[in-house]
Amino acid sequence: MAGAGLSGAVAGRMLAEAGHRVTVVDARAHIAGNCHTERCAETGVLVHVYGPHIFHTDDAEVWEYVNRFERFMPYKNRVKATTGGAVYSLPINLHTINQFFGQTLRPDEARAFIEAQADTSITDPQTFEEQALRFVGPALYEAFFKGYTLKQWGCHPRELPASILKRLPVRFNYEDDYFAHRFQGMPEQGYTAMVARILDHPGISLHLNTRFSRDQAGRYGHVFYSGPLDGWYDCDIGRLGYRTLDFERFTHQGDWQGCAVMNYGEESVPFTRTTEHKHFAPWEKHEGSVLYREYSRACGEEDIPYYPIRMVEEKALLRAYVERAQAESGVTFMGRLGTYRYLDMDVTIREALDCARLFLKSRSAGHAMPALAVNPL
Ligand code: UDP
C-alpha cells in the first residue's frame, strides 16, 4: 500500500485479514493522510491538522466498519455564516431566509418568495452561477456563495460547474444540520487513533517517512497506490490542478466563536472560514482553544493537494492519464488523489473495501486486477 490514509489502511486491513502480507508506506511522518488528528500540547484540544473532517454516511456497512475501530460520538455539523455584518445559519434554510429578508415566512410562503426572485429563464443550469441564480436568486447568491466561491476556487462561479453547488441543499424548514445523512459522528479519540487500530494487524508492516516510487513496484505482488495519479508518471505530460489550503493557526483562552465552523461569505474577508477545533469534540472540556483560519490558493509543486479542480483543462489531462493507467498491470490507483476526485471519507472507505474485495476475487479466479476499479472521468 503506497499511502497510509483511509484507502491504504482499509484495503490493507482487508488483505491482511485474508492472509496476505501487507506493507504500508507513507512519505509523511504520520498515518491517516489528510484526516490526521493530533492533540495540541498546550490546550489538550484534538486538532484536525489538515482542516475539519466530519464523518457522515448513509452506508450502513461503512458506519459499522468505522465503529469497529473507534467509538463514534454523536456530532451534528451546524455551520454558521457571517456576511453583510450579520450571522446566519447554513445551509440556507427557513431561518436563514427569514433572517436575511426580515420576514416571518412559513415553508410554502418562503418557497414562493424565493421562486419569485429566482431566474426561471435558466432551465438547465450548467454553471455554479446559473445553479445559484435559478435556485436561490441573486441576493442570497451574492451574500453567501459568490465571494466564498471566488476565494475557495480562485475563479468566478460562472466558470465552475453546477455540480459544486449541488452539494449544498436549500431547505424550506428549520433543519440546520449541514448533512442529511443517516449516520453522523466524530471518532472519540480522533481519526488517527482509528486508522492506527485499522493498521494494527500482524499481517501489516508500516513504514512512515518512506517515499514510494514506481520503480519499487517490482518488489511487491501488487501495489495499491493512493498518491496523486499524475505523480505516478512524474507529471510528465502535465500537472493535474488542485487547490491547497493555508491554515493560520491561533489559540485563545475560552470560547472564540461559539461554534465549530464560521464561514465568511464576503470577498473582502480574505479567508473562507474559521474553525474552532474544540467544538468538534463537544464531549471534551478545554479552557484553551485552537482555531484555524483557512485560506485557499492554487496548489504548487511542494504544497499539499486538497481539492481536485476538475475543470475543462484538468479533465482533458485526466483523460490522458486515465488511458495510460488503464493499460497498467500490477498497480491499482485508489482514493482522492489516486483517482483525482473530491471524495468524502465514507466514499473513500466504501471504495477501499470494494477494491480489496475485487482484488481477492480476482486472485482466486486467476483474473488480473484492474488499475482503476472506478473510472475517475
Ligand atoms: N459554498 C459557498 N459558501 C458557503 C459554503 C459553501 O459558496 O458558505 C460553496 C463553495 O463553492 C463550496 C461548495 O459550495 O466549494 C460546496 O460546499 P461544501 O460545504 O460541500 O464545501 P467543501 O466540503 O467542499 O469544503
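Quick note: numbers below take in every heavy atom, side chains included, and nothing from hydrogens, waters or symmetry partners. Start at 1 and go down the list; that is how both ligands and their atoms are numbered.
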*So which pairs with a foot in residues 130-141 pass side chain to side chain donor-acceptor pair (under 3.5 Å), sequence neighbours left out?*
Glu115-Arg134, Glu129-Tyr141
*Got a sec: does the CZ of Arg297 have more than 12 other heavy atoms crowding it under 6.0 Å?*
yes
Could you list, one pair per line, each nitrogen or oxygen of ligand 1 together with any protein nitrogen or oxygen closer than 3.5 Å, giving atom names and the distance rounded to 0.1 Å?
| residue | atom | partner | partner atom | Å |
| --- | --- | --- | --- | --- |
| ligand 1 | 3 (N) | Phe144 | O | 3.0 |
| ligand 1 | 7 (O) | Phe145 | O | 3.3 |
| ligand 1 | 7 (O) | Thr149 | OG1 | 2.9 |
| ligand 1 | 8 (O) | Asn263 | ND2 | 2.8 |
| ligand 1 | 11 (O) | Thr149 | OG1 | 2.9 |
| ligand 1 | 11 (O) | Trp153 | NE1 | 3.4 |
| ligand 1 | 15 (O) | Trp153 | NE1 | 3.0 |
| ligand 1 | 19 (O) | Tyr178 | OH | 2.5 |
| ligand 1 | 20 (O) | Arg167 | NE | 2.7 |
| ligand 1 | 20 (O) | Arg167 | NH2 | 3.2 |
| ligand 1 | 23 (O) | Arg167 | NH2 | 3.2 |
| ligand 1 | 23 (O) | Tyr342 | OH | 3.1 |
| ligand 1 | 24 (O) | Tyr342 | OH | 3.4 |
| ligand 1 | 25 (O) | Tyr307 | OH | 2.9 |

*asked:* With no hydrogens and no angle check, just 3.5 Å: does a side-chain donor-acceptor pair link His181 and Thr57?
replied: no
*Considering only NZ, NE, NH1 and NH2 on the basic side and carboxylate oxygens on the acidic side, decide whether Asp354 and Arg350 come within less than 4.0 Å.*
yes
*What are the two closest non-hydrogen atoms of Asn34 and Tyr50, and how far apart are they?*
O-CB, 3.3 Å
_Is it the case that atom CZ in Arg21 sees more than 12 heavy atoms from other parts of the structure closer than 6.0 Å?_
no
